[in-house]
Asks: 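Have a look at this one.
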Amino acid sequence: MTMTNALPHYRPEWVPLAGHQLRLSGIHFDTIRVQGVRGEQIASDLVEATDGDAGPVVCEAVGFRWMYFLLAPGAARAHTWPLGVQRFGGAGTRTVTYIGIPALDGNTWPLQWYSEPTPTTPYVDPDRLHATLGRSIAVQES
């Protein structure tokens, strides 16, 4: 199920008008990537915890079904992320990573918004995301 929460749409300058485009992580946003069912559960928990205003989360409809949580530039390095969670962007990384960003409307397959950016939450809160990941790991271990 796709969760969208921005009516009318708030469109940051890095969101394309149509289709999808690659954006450099670390410039427009930092990215936390989580694979498959685990990523979907984290996104669902985050949306529920924020009453539907989680900030921008992009999902892939095919392949590994990655979930991309978009944080403010530089915010991802504030935490040590658990195993299986990938961080892209920010100081201290030696790689360049482009993230596919879909438009808010129209055909954007295979990418879609699970949660859209809003004026009140233009980025995912890194502390809340980190806490949500921590709760998810605790549930899996119990």
Asks: To the nearest 0.5 Å, how far apart are CZ in Arg135 and CD1 in Ile42?
Replies: 8.5 Å
Asks: Taking all atoms of both residues into account, what is the closest heavy-atom pair of Val34 and Arg38, and its distance?
Replies: CG1-CG, 3.9 Å
Asks: Indicate the atoms forming the closest heavy-atom contact of Ala76 with Ile32, along with that distance.
Replies: CB-CD1, 4.0 Å
Asks: Counting N and O atoms only, with roles assigned by atom type, does the side chain of Trp113 sit under 3.5 Å from a partner on the main chain of Pro102, one being a donor and the other an acceptor?
Replies: yes
Asks: Sequence neighbours excluded, which residues qualify as side chain to side chain contact (heavy atoms under 4.5 Å, CB included) partners of Arg65?
Replies: Val37, Glu40
Asks: Which residues pass the side chain to side chain donor-acceptor pair (under 3.5 Å) test with Gln35, not counting sequence neighbours?
Replies: none
Asks: Specify the closest pair of heavy atoms between Ala43 and Met67, including all atoms of both residues, with the distance to one decimal.
Replies: CB-CE, 3.3 Å
Asks: By side chain to side chain contact (heavy atoms under 4.5 Å, CB included), which residues pair with Pro110, not counting sequence neighbours?
Replies: His20, Val62
Asks: Can you find a heavy atom in the side chain of Arg33 that is under 4.5 Å from one in the side chain of Ile99?
Replies: no
Asks: Please check if the number of heavy atoms outside Gln86 that lie under 6.0 Å from its CD is greater than 12.
Replies: yes
Asks: Please name all residues satisfying side chain to side chain contact (heavy atoms under 4.5 Å, CB included) with Ala72, sequence neighbours left out, ordered by chain then number.
Replies: Ala75, Tyr123
Asks: Minimum heavy-atom separation for Pro117 and Leu104, please, with both atom names.
Replies: CD-CD2, 4.5 Å
Asks: What residues, two or more places apart in sequence or in another chain, satisfy side chain to side chain donor-acceptor pair (under 3.5 Å) together with Asp125?
Replies: none
Asks: Any chance you could measure Trp66, atom CH2, to Cys59, atom SG, to the nearest 0.5 Å?
Replies: 14.0 Å
Asks: Taking atom CZ of Arg128 as the centre, report whether more than 12 heavy atoms of other residues, nucleotides or ligands fall under 6.0 Å from it.
Replies: no
Asks: Which hydrophobic side chains are connected to Leu24, either touching it within the sub-4.5 Å cutoff or through other members that do?
Replies: Leu22, Ile27, Val96, Tyr98
Asks: If you take all heavy atoms of Pro16 and Arg11, which pair is closest and at what distance?
Replies: O-CD, 4.1 Å
Asks: Quick one: does any side-chain atom of Trp81 pair with a main-chain N or O of Leu133 as donor and acceptor, under 3.5 Å?
Replies: no
Asks: Who passes side chain to side chain contact (heavy atoms under 4.5 Å, CB included) against Thr80, sequence neighbours left out?
Replies: none
Asks: Does the side-chain contact (heavy atoms from CB on, under 4.5 Å) test come out yes or no for Leu111 and Ile101, once each step is laid out?
Replies: CA-CA 7 Å; Leu111 301 174; Ile101 301 297; over 6 Å; no
Asks: Just jot down the side chain to side chain donor-acceptor pair (under 3.5 Å) partners of His79, sequence neighbours excluded, or say none.
Replies: Asp127
Asks: Please report the interatomic distance CG(Asp30) to CZ(Arg77), rounded to the nearest 0.5 Å.
Replies: 7.0 Å
Asks: Go through the structure and list residues passing side chain to side chain donor-acceptor pair (under 3.5 Å) with Thr50, not counting sequence neighbours.
Replies: none
Asks: Restricting to ring pair (Phe, Tyr, Trp, His ring centres under 6.0 Å), what partner residues turn up for Phe29, sequence neighbours left out?
Replies: Trp14
Asks: Please report the shortest heavy-atom distance between Val124 and Leu71, naming the atom on each side.
Replies: O-CG, 3.7 Å
Asks: Answer yes or no: is there a side-chain heavy-atom contact under 4.5 Å between His28 and Val15?
Replies: no
Asks: If we ignore hydrogens and angles and just use 3.5 Å, is the side chain of Asn107 paired with the main-chain N or O of Trp109 as donor and acceptor?
Replies: yes
Asks: Can you list every salt bridge (charged side-chain N to carboxylate O under 4.0 Å, His left out) pair that touches residues 97-108, not counting sequence neighbours?
Replies: none
Asks: Apply side chain to side chain donor-acceptor pair (under 3.5 Å) to Thr132 and Asp45, showing your working.
Replies: CA-CA 7 Å; Thr132 303; Asp45 292 349; over 6 Å; no
